[in-house]
Amino acid sequence: MAAPMYRKTICRLALWLLLPGIGAVAAWLLLWLAHTLPTQNIRDNIRWWVLEERGMPSLQLPPLEGSLRGIFTDALMLHYAAQDLEGTTALRQSLELRRGEVGEGEGWAAGDSLAAYLSGESMPRQVTYARYWHGYLVILKPLLFLSNLAMARLFFALVNGILPLVYLWLCAGRGCRGAGLLAVVSGILLYPFFLSMSFSLSFCHILLWLFLTVQLAGWELWQRRRWQAFLFLVFGMVTAYLDLLTYPLVLLGFPLAMQLYLSSGVGGLRRRLAELAQWMGSWFWGYAGLWTAKWALAYSIGIGGIWEDGLATVGRRMGGGAWSWSALSEALRVNWGLLAYWPIGILLASVLVWGLWRCLGLWKGRGGRIAWSAFLPYALVAALPLAWTALSLNHSLEHFMYTGKIWSISVFALALGALSLGTEGGSR
């Protein structure tokens, strides 16, 4: 009996290790198919909207200093969706991501390059963006091939609005209505009311609710088959594939906190911490593994400099060798500045008051007999944004308008931890 179990464990470990590589090949094939679509149709469907600046919004909220602009990343995404294959092939373009640019230095803007390309102007230089997967093109290219830019934005807005409602309905049916409500409330810190202005932010938000829905809908299956680690592995892979310059940590933190809540009462603290480490490790292996596999695939077809560019970018994002406590303090200041908008402040204060009231009520009602150690795993999840900010210091300083939103994880994890203290497992 021991031998079959041993072999089964070895097979699961091998699959866990190899899945990012297998997924990378499948991801490349999907991108290759997307790049075989005729691009003239796409250019025709977005040209008027971009050139008339009706499809490239630039809303600014005073305290956020323009942080909600959807121009830069959207311009890149639309440019790659419309880019023709002149001088290259679909197979190579799917990994190299070549495009033309105009302007230099302070005069360069992704939107200007997109407008120039759609106007038929000559592009003085060609650049590549091979270090990212750009998997969003698997969805964006067919969508823009079949409809125009306005309809594509409407589609994303509807999906972004419907998915949280579906999740709330699912939570109500599974007896965890409170946890679902906390997820929606904490998700407000992602500024979902401005998602229609940015494709990149929309992708991240949609993935968040899809991950949470898949996690809850298949909960019994994941538990029975012991597939939780594989689930987080796939979540990490999909994040690396579809996300572009936003706040990927949210796609780990929210499912991680919900996983803890759904498994409340299963095992002691030591087991809970071991499982937490396993789930986190699986997500990061999927995330980093798929990204590394992409660089390997690009290198295998002769795309030079991919490893140097990728590793140099990681080094820059981590601080570029100039890490300091004062820099960390500044990064936290500008990231927390996203929470200074008064409606968000009221929301945070309300969640804090509710959490304190709940903990105080449980403590008084049970004579102080609350297993506070059950709260520790949630506190560790809540600390993820701090660790991420410290490790990716330069990125957190430069792109605070995105990275500041990862603190919604802390709000959700701490609130969910307070809610779990009222369950059988959390109050033993």
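Remember, it's a predicted structure, so these values are computed and weren't measured experimentally.
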**Prompt:** Heavy atoms, side chains only, cut-off 4.5 Å: are L19 and V234 in contact?
**Reply:** yes

**Fill in**
Residues at least two apart in sequence or cross-chain that pass side-chain hydrogen bond (donor to acceptor under 3.5 Å, both in side chains) with Q228, listed by chain then number, are Q223

**Prompt:** Can you find a heavy atom in the side chain of L242 that is under 4.5 Å from one in the side chain of W133?
**Reply:** no

**Request:** Using atom types as modelled and distance alone, determine if a side-chain donor or acceptor of Y136 lies under 3.5 Å from a backbone N or O of S200.
**Result:** no

**Item:** Sequence-distant partners of W169, side chain to side chain contact (heavy atoms under 4.5 Å, CB included), two or more places apart
**Value:** none

**Asked** Is there a donor-acceptor pair closer than 3.5 Å between any side-chain N or O of D112 and the backbone N or O of V102?
**Response** no

**Message:** So V185 and V411, do their side chains get closer than 4.5 Å, heavy atoms only?
**Reply:** no

**Prompt:** Can you pull the side chain to side chain donor-acceptor pair (under 3.5 Å) pairs that have at least one residue in residues 203-216, sequence neighbours excluded?
**Reply:** N160-H205, H205-W209, Q215-Q259

**Prompt:** How would you list, by chain and number, every residue that makes a salt bridge (Lys or Arg N to Asp or Glu O under 4.0 Å) with E330, sequence neighbours excluded?
**Reply:** R333

**Request:** For N148, check side-chain hydrogen bond (donor to acceptor under 3.5 Å, both in side chains) against everything at least two apart and list the hits.
**Result:** none

**Complete:** Value for CG (L163) from CG (L168), rounded to nearest 0.5 Å, stands at 11.5 Å

**Asked** Does the side chain of Y117 pick up a donor-acceptor pair with the side chain of D84 at under 3.5 Å?
**Response** yes

**Message:** Just to verify, what does V127 make a side chain to side chain contact (heavy atoms under 4.5 Å, CB included) with, not counting sequence neighbours?
**Reply:** R99, E101, R125

**Prompt:** Do N45 side-chain atoms and N41 backbone N/O form a donor-acceptor pair below 3.5 Å?
**Reply:** yes

**Item:** Results of side chain to side chain contact (heavy atoms under 4.5 Å, CB included) for L143 - residues two or more places apart only
**Value:** S147, A152, F155, F156

**With S94 via side-chain hydrogen bond (donor to acceptor under 3.5 Å, both in side chains) - residues at least two apart** = W28

**Asked** Hey, is the main chain of A331 close enough, under 3.5 Å, to the side chain of N335 for a donor-acceptor pair?
**Response** yes

**Asked** Taking C-beta and beyond as the side chain, do L208 and L251 meet within less than 4.5 Å on heavy atoms?
**Response** yes

**Prompt:** Does the side chain of P20 come within less than 4.5 Å of L233's, by heavy atoms?
**Reply:** yes

**Request:** Give a yes or no answer on whether the side chain of R98 reaches the backbone of R92 with a donor-acceptor pair at less than 3.5 Å.
**Result:** no

Only pairs under 3.5 Å count here: list side-chain donor-acceptor contacts from residues 295-303, not counting sequence neighbours, and write none if there are none.
from, atom 1, to, atom 2, distance (Å)
W295, NE1, R131, O, 3.1
S300, OG, L297, O, 2.6

Compile the donor-acceptor pairs under 3.5 Å between side chains in residues 172-182 and protein atoms, sequence neighbours left out, one pair per line.
from, atom 1, to, atom 2, distance (Å)
R174, NH1, L216, O, 3.2
R174, NH1, E220, OE1, 3.1
R174, NH1, E220, OE2, 3.2
R174, NH2, A217, O, 3.0

**Asked** Do F211 and V238 pass the side-chain contact (heavy atoms from CB on, under 4.5 Å) test, and can you show the C-alpha distance, the side-chain angles, and the key distance before you say yes or no?
**Response** CA-CA 10 Å; F211 286 0; V238 174; 3.9 Å; yes

**Request:** Say whether, by atom type as modelled, one donor and one acceptor occur between the side chain of T36 and the main chain of L33 under 3.5 angstrom.
**Result:** yes

**Prompt:** Quick check: does any side chain N or O of K141 sit under 3.5 Å from a backbone N or O of H35, one acting as donor and the other as acceptor?
**Reply:** no

**W285 side-chain N/O to W16 backbone N/O, donor-acceptor pair under 3.5 Å** = yes

**Prompt:** Side chain of T389, backbone of P385: donor and acceptor closer than 3.5 Å?
**Reply:** yes

**Message:** Under the criterion ring pair (Phe, Tyr, Trp, His ring centres under 6.0 Å), I'd like the reasoning laid out for W291 against Y241: C-alpha separation, chi angles, the key distance, then a yes or no.
**Reply:** CA-CA 8 Å; W291 221 327; Y241 190 55; over 10 Å; no

**Request:** Could I get the full list of side chain to side chain contact (heavy atoms under 4.5 Å, CB included) partners for I188, not counting sequence neighbours?
**Result:** F193, I344, L347

**Asked** Can any side-chain N or O of K405 pair as donor or acceptor with the backbone N or O of L189 at less than 3.5 Å?
**Response** no

**Request:** Starting from the C-alpha separation in whole Å, work towards a yes-or-no answer on side-chain contact (heavy atoms from CB on, under 4.5 Å) for M258 and F412.
**Result:** CA-CA 9 Å; M258 196 64 185; F412 182 52; 4.2 Å; yes

**Complete:** Residues at least two apart in sequence or cross-chain that pass side-chain hydrogen bond (donor to acceptor under 3.5 Å, both in side chains) with Q40, listed by chain then number, are R43, D44

**Prompt:** Going by heavy atoms in the side chains, are T73 and Y402 under 4.5 Å from each other?
**Reply:** yes

